[in-house]
Amino acid sequence: MDERLLAAFLTVSETRNVSLAARRLNITQPALSRQLQKLQRHLKVELLQAHHSGVALTAAGEAFLPTAQTVVNEIHKAEAFARMLATGTFSEITFAAPGTTLIDIVIPFVATLDSSQLHSHVIETPLGASLQQAVNTADLVIMPSEPPEEFGSIALVELPVWAYVAPDHPWANREHIPLEELVGERVVVATTDFMSRRVLDGAVDVAGLTVPQIVETNSGRVAQALVATGNGVAVVTEDAYFGLKPAKISTGSGILSVWLHAGWRADHYALDQVQALAERLASFAQTRYPELTPGPFDPVG
């Protein structure tokens, strides 16, 4: 089976538009159409159908999509393994993490690596994705949950869920805010696609509380921007921006926090190298956030 044909199908499946997919693949639209036709003739099944907004997957196409992605992923892994056998060195790695973790920890860590020795790729993975799904496309996956026992893993760092306020807010110089006091404020949070929101919602439910004034945003950065004007408190795990002041959120059972873990396939072809890199990542994360007091790193000072 030709990887190019599968890549063509996957790209069209993602874009649902042949013209856009052709631009992404850097080929002409007629050439892409021929590849799709060739794949469907080879498989003897229709995978795509015309749609008023472009193209759509048939029922067979939807069913075939995960298999196509798995085959392409395995081809890439085989190529990487072959390169390691040929050169005797582990020279390429892919990291995956949810957006906030990718920006605050993974990308800064990648910037410390010697790109002449190890070429790194970073991809965003949805918070709700399982580790099994994530390791199909990445060598090292960083997630805010403990991986199942069948995977290799290491605990990286514990990150508090911060309550950020503007410098002139009455809480600006406080180190801790009780959850019962927090819910009395205008609380600005990200959606449930973010772990900080899930942790907050769980703590509020356990305590039998409600949050009368809550504003939902599409990211922790936007939440901080809204609070920078002095109105309310942003509840996020990400680094501080806009000069906001951090405080930890205390509950009857301790401080609200999220543990980050790194996970990888236990049968990875470069197991020792991946595990060593995970240990370096843990050391980096713990150095970047030493004891997390008085607050996290502020990239804008």
Side-chain angles (χ1 to χ4, degrees), residues 3 69-160 193-196 220 237-239 257-292 296-297 299:
E3 181 195 354
Q69 186 66 70
T70 297
V71 171
V72 170
N73 291 340
E74 291 301 321
I75 289 173
H76 291 167
K77 290 173 186 175
E79 291 172 342
F81 184 34
R83 286 193 294 271
M84 189 179 79
L85 292 174
T87 64
T89 60
F90 180 55
S91 60
E92 189 168 346
I93 187 166
T94 299
F95 297 89
T100 298
T101 303
L102 205 64
I103 293 169
D104 288 346
I105 294 180
V106 176
I107 292 176
F109 173 68
V110 168
T112 69
L113 302 176
D114 184 349
S115 59
S116 67
Q117 300 294 323
L118 183 65
H119 184 62
S120 302
H121 306 274
V122 293
I123 58 176
E124 183 174 352
T125 186
L127 183 62
S130 70
L131 185 61
Q132 181 64 63
Q133 292 172 307
V135 297
N136 284 333
T137 56
D139 301 290
L140 196 56
V141 181
I142 296 86
M143 303 186 76
S145 56
E146 187 171 359
E149 291 184 0
E150 62 266 29
F151 294 93
S153 68
I154 185 174
L156 297 178
V157 67
E158 184 179 20
L159 301 176
D193 291 332
F194 294 79
M195 184 58 74
S196 57
T237 54
E238 67 180 11
D239 291 343
S257 65
V258 172
W259 264 103
L260 291 182
H261 293 79
W264 57 89
R265 287 173 55 161
D267 62 348
H268 194 284
Y269 67 87
L271 182 61
D272 291 343
Q273 293 89 337
V274 170
Q275 183 170 334
L277 202 59
E279 292 169 355
R280 288 178 60 185
L281 176 59
S283 177
F284 173 84
Q286 291 160 20
T287 299
R288 186 173 172 85
Y289 299 96
E291 301 181 354
L292 300 162
F297 172 71

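These numbers come from the heavy atoms of this one structure, side chains and all, not from hydrogens, waters or symmetry mates.
Between the CG atom of Leu118 and the CG atom of Leu277 there is a distance of 6.0 Å, given to the nearest 0.5 Å. Expressed to the nearest 0.5 Å, how far CG of Leu260 lies from CD of Gln286 amounts to 11.0 Å. For the atom pair CD1 of Ile154 and OG of Ser283, the computed distance is 9.5 Å after rounding to the nearest 0.5 Å. Interatomic distance, His119 NE2 to Thr94 OG1, rounded to the nearest 0.5 Å: 8.5 Å. Note that CD1 of Ile142 and CZ of Phe109 are 8.5 Å apart. Values are rounded to the nearest 0.5 Å. The distance from the OG1 atom of Thr100 to the CE atom of Met195 is 11.0 Å, given to the nearest 0.5 Å.
Closest approach of Glu238 and Gly220 over heavy atoms only: OE2-C, 2.7 Å. Among all heavy-atom pairs drawn from Leu102 and Ile123, the shortest one is CD1-O, 3.7 Å. Leu156 and Ala278 get closest at one heavy-atom pair: CD2-O, 3.9 Å. Between Val72 and Glu3 the shortest heavy-atom distance is CG1-OE2, 4.3 Å. Heavy-atom minimum distance, Trp264 versus Gln275: CZ2-CG, 3.8 Å. Pairing each heavy atom of Ala96 with each of Ala138, the nearest pair is CB-CB, 3.5 Å.
Counting only heavy atoms from C-beta outward, the side chains of Pro160 and Thr237 never approach each other to under 4.5 Å. At least one side-chain heavy atom of Ile105 sits under 4.5 Å from a side-chain heavy atom of Leu281. Using a 4.5 Å heavy-atom threshold, the side chains of Gln273 and Ile93 count as separate.
Between the side chains of Asp239 and Tyr289, a donor-acceptor pair is found at a separation under 3.5 Å.
Note on residues 106-115: pairs passing side chain to side chain donor-acceptor pair (under 3.5 Å), not counting sequence neighbours, are Asp114-Ser116.
Using cut-offs of 30° and 60° for the angle between ring planes, the His261 and Trp259 rings count as tilted.
Considering only residues two or more places apart in sequence or on other chains, Phe151 meets the ring-ring contact (aromatic ring centres under 6.0 Å, His included) condition with none of them.
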Problem - Step-by-step side chain to side chain contact (heavy atoms under 4.5 Å, CB included) determination, Asp104 to Leu159 - result: CA-CA 11 Å; Asp104 288 346; Leu159 301 176; over 6 Å; no

